[in-house]
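Scroll down for the structure; my scribbles are underneath it.
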Amino acid sequence: MTDDAALASAAAPTPASSAVRASDPLWTQASERIREEIARRGLTAGSKLPPERELCTRLDVSRVTLRRALAHLVDQGLVTASHGRGWFVAAPVAPAPAREWPKDLESFTATARRKHMRASSVVLRQETVTASLDDADRLGVPAGTPLFRLERVRLLNDVRIALDRTLVVAELAPDLAGSDFRAVSLFEELRRWGVAPDRAEATIEARVADRELAGHLGIAEGAPVLVLDQTVYTRDQRPLLLSTVEYSGDRYRLRTTLQTD
């Protein structure tokens, strides 16, 4: 029996195990069943999973639900996708060496984990709005296009660090409104939908805190802040989101490496 057949034959809906509850979202149940079968069958790195259509039938889920489940397993480092070939069991990845400053696009939550700190958020706004002319121009969408607006005070170890205002093209990840952004990462939620932030065009400048920002961050009005304004793109170079993050000047430091050609 091939690896494909081994997984497919056992992937049909079964009574929920201790790891899967009937109250869990369908994509969570699907990802856990795939995980359990990979372990139970002893599938090794490089083993191919059945085609998506077959998995949908066996797990009794839609293609969207299946892809969200698989994206979650990608985030966990358990499976990987090969364009045009399908889904495979991933090879273990050695831990990356510690970095002084990320040279790739890294979320606030990922940076916190790398620094062995705990990230959390106070959610101020989480709603659907329509794109203004300026926002539409930057995102390459028509004015009035639905956008998901997320505004959060970002904390590290319960210390207020920054005010983060983000606008996401809603059609690229239509279920964000149901996420609890007090604890979860926006980038991780986007990846669960198969939308991978790939690169950002950013500007950084120094300003002073106005009364509203000072209140959110617990600093004095007029205190220095570092403002990061960026447009984030997907792997196919489509604008995904706009983000403006205002960091408290005495609680955040930007450190990087510069060298000549």
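- Across all their heavy atoms, Asp158 and Ser120 have their closest contact at OD1-OG, 4.3 Å.
- Taking the charged nitrogens against the carboxylate oxygens, Arg40 and Glu37 do have a contact shorter than 4.0 Å, which makes a salt bridge.
- Residues Leu156 and Leu228 fall within the same hydrophobic cluster, defined by Ile, Leu, Val, Met, Phe, Trp and Tyr side chains chained together at heavy-atom separations under 4.5 Å.
- If you run salt bridge (charged side-chain N to carboxylate O under 4.0 Å, His left out) between Glu52 and each of Arg58, Arg67, Arg85, only Arg67 comes through.
- Screening residues 131-142 for side-chain hydrogen bond (donor to acceptor under 3.5 Å, both in side chains) gives Ser132-Asp135, Arg138-Asp229, Arg138-Thr231 as the qualifying pairs, with residues at least two apart or on separate chains.
- In summary, Glu201 and Arg199 engage in a salt bridge, as defined by a charged side-chain N under 4.0 Å from a carboxylate O.
- Evaluation of the side chain to side chain donor-acceptor pair (under 3.5 Å) rule for Glu212 yields no partner, not counting sequence neighbours.
- Under the side chain to side chain donor-acceptor pair (under 3.5 Å) criterion, Ser62 pairs with Thr65, sequence neighbours left out.
- Screening residues 59-79 for ring-ring contact (aromatic ring centres under 6.0 Å, His included) gives Trp27-His72 as the qualifying pairs, with residues at least two apart or on separate chains.
- A distance of 13.0 Å separates CZ of Arg149 from CG of Leu242, quoted to the nearest 0.5 Å.
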Exercise answer: donor-acceptor pairs, residues 168-182 side-chain atoms, under 3.5 Å, sequence neighbours excluded:
from   : atom 1 : to     : atom 2 : distance (Å)
Glu171 : OE2    : Arg238 : NH2    : 2.4
Asp175 : OD2    : Arg68  : NH1    : 3.3
Ser179 : OG     : Glu189 : OE1    : 2.6
Asp180 : OD1    : Arg182 : N      : 3.2
Asp180 : OD1    : Arg182 : NE     : 2.9
Asp180 : OD2    : Arg182 : NE     : 3.4
Asp180 : OD2    : Arg182 : NH2    : 2.9

Please table the atom pairs, donor to acceptor, closer than 3.5 Å between any side-chain atom in residues 216-226 and protein atoms at least two apart or in another chain.
none

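- Of the candidates Thr234, Leu147, Leu150, Leu190, Leu190 is the only one forming a side-chain contact (heavy atoms from CB on, under 4.5 Å) with Leu241.
- To the nearest 0.5 Å, atom CD of residue Gln126 and atom CZ of residue Phe148 are 4.0 Å apart.
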